[in-house]
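The structure appears below as structure tokens.
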2 protein chains.
Amino acid sequence: MNSLRKKYKFEISPQTVDFNYQITLASLTDLLLTTAGYNAEENGFGMRKLNEQGLSWVLLRLAIEIEKRPFQYENIEIETWIESVNRVSTNRNFCIRNNEGRVIGYATSTWAMIDNVSRRAQDLFTLDNIRAFESQQTVPIEKPKKLDSCSGEQIDQFKTKYSHIDINRHVNTMRYIEWVSNYFSLEHYETKKIKRADFNFMSEILFGDEVTIHFLNGVDNTYQFEIFHNGKTSCRAKLVFEEK
Amino acid sequence: MNSLRKKYKFEISPQTVDFNYQITLASLTDLLLTTAGYNAEENGFGMRKLNEQGLSWVLLRLAIEIEKRPFQYENIEIETWIESVNRVSTNRNFCIRNNEGRVIGYATSTWAMIDNVSRRAQDLFTLDNIRAFESQQTVPIEKPKKLDSCSGEQIDQFKTKYSHIDINRHVNTMRYIEWVSNYFSLEHYETKKIKRADFNFMSEILFGDEVTIHFLNGVDNTYQFEIFHNGKTSCRAKLVFEEK
């Protein structure tokens with residue numbers, strides 16, 4: 001018998017907070033991905049196991065809703081479970097609680113499994129046991145949105161460097177979130193808080209790629225971004241803020 | 001009675017490693033600074049205590065020598081102690097050991113205490129008890145070097161952004177190290193290892209400052225950098241590599 005939902009504890013470390021002493025959206029996402037990694041490992045289909053077979057997990061979409069980003073040294077708990085599994089993708093959900101056990105946020109994510117050489121999606125039903133973890137349990141937030149192309153103005157341009165690259169030899173997920181978070185001023189973060197963030201990850205960025213970031217200022221505190229590498233779309237993001 | 005030397009344990013977390021699965025120089029420095037922070041706190045003159053009096057610690061110089069940067073999930077121990085204290089600055093040393101207790105590196109640092117408003121150095125002899133921790137115990141590496149101005153070519157230019165800024169509302173020390181580490185290619189890190197790094201921190205960089213990085217390629221695997229903000233020198237760095 002397996003347990004479909006598991007909880008993991010974290011302390012918000014000083015290296016992960018911004019000037020407000022609150023964890024950045026990028027570092028919060030990193031904790032979610034760490035949680036997903038721990039849980040997949042325990043369930044028998046973690047990255048190490050997949051790598052042995054020349055396979056990897058790839059994050060396709062992510063949505064996070066957070067009431068208030070936790071502060072430095074706060075203890076939080078992230079609960080995670082698999083909602084559904086089909087041949088091409090699987091949905092994993094998250095519930096974030098503060099030290100008193102009160103829910104402060106939810107997240108939901110979509111993943112595919114790829115072959116490390118061909119980079120093509122593989123049939124998830126070939127994975128031992130994964131369907132036994134399908135809970136059909138949802139989270140009370142909207143699914144990760146499919147984001148439209150954003151043809152706004154170019155706001156940043158650079159080549160990817162050593163510090164952007166992770167053990168998979170591509171740009172780490174945290175960096176995309178950092179890059180779009182960097183559009184905003186300190187004043188913005190002082191007066192507004194992130195309510196919801198949606199990310200679509202479409203193609204990986206490698207070392208030395210030319211990155212451009214485009215921005216479309218929507219209405220109602222909604223900001224949309226598109227990250228290109230060598231002219232190709234890599235990531236679309238939509239951040240919704242609200243007044244503090 | 002106080003203990004002049006204290007040891008702190010760390011596990012190398014996945015967020016801190018590069019594509020080689022080894023902790024980056026920036027994250028290793030961050031662990032050294034965390035160690036310094038813990039120890040100062042225990043000794044009664046940590047950042048929190050100083051902040052209550054409108055004061056802060058400022059890192060002036062740092063030198064690190066490392067045999068091999070530790071790998072992901074490795075457990076290391078960092079021992080730290082104060083070597084000397086004079087009115088304007090204090091020297092703190094570090095010894096880094098691997099899981100078997102073997103020494104894999106040393107570091108040595110120079111700090112001043114500043115007034116948060118005037119940003120001027122304050123007399124360290126006014127600090128309760130700090131001289132009781134003066135051990136006169138050295139490390140077997142050269143003191144942090146005073147680095148010369150580097151009038152080499154400009155290799156990078158950008159404005160500081162949200163993700164660069166820490167709780168002190170200036171650019172975090174880790175970022176300087178990341179910026180100079182980013183000069184090198186993945187091939188460089190595959191064939192060479194960092195032997196020694198020297199940093200001189202000269203003036204703080206604030207949000208929105210225009211940063212330029214200059215580089216002078218020396219001989220014998222020695223690389224020198226100078227970071228300017230709005231035309232003023234902020235940091236000088238010297239990295240010495242050797243073949244793996």
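Every chain is numbered from 1, with letters handed out A, B, ... down the list of sequences.
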Does any heavy atom of chain B fall under 4.5 Å from the side chain of [X], the backbone, both, or neither of them?
X        : answer
A/Phe184 : backbone
A/Thr34  : side chain
A/Tyr189 : side chain

Measuring from [X]:[atom1] to [Y]:[atom2], what's the distance to the nearest 0.5 Å?
X        : Y        : atom1 : atom2 : value
A/His164 : B/Asn182 : NE2   : CG    : 6.0 Å
B/Lys161 : A/Ser185 : NZ    : OG    : 13.0 Å
B/Glu187 : A/Phe207 : CD    : CZ    : 7.0 Å
B/Ser13  : A/Asp30  : OG    : CG    : 8.5 Å

Worksheet item: A/Val17, A/Asp18, A/Ile165: which one forms the most heavy-atom pairs within less than 4.5 Å of chain B?
Response: A/Asp18
Looking at [X], I want to see if its [atom1] is surrounded by more than 12 non-hydrogen atoms of other residues, nucleotides or ligands under 6.0 Å.
X        : atom1 : value
A/Lys49  : NZ    : no
B/Lys244 : NZ    : yes
A/Phe215 : CZ    : yes
B/Lys195 : NZ    : no
A/Phe201 : CZ    : yes

Worksheet item: In terms of heavy-atom proximity below 4.5 Å to chain A, should B/Asp156 be classed as side chain, backbone, both, or neither?
Response: side chain
Discussion item. To check you understand the geometry: which heavy-atom pair defines the closest contact between A/Tyr162 and B/Leu186, and what is its length?
Written reply: CD1-CD2, 4.3 Å
Worksheet entry | Short N-O contact, B/Arg169 and A/Glu190, less than 4.0 angstrom |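 A/Glu190 and B/Arg169: salt-bridged.
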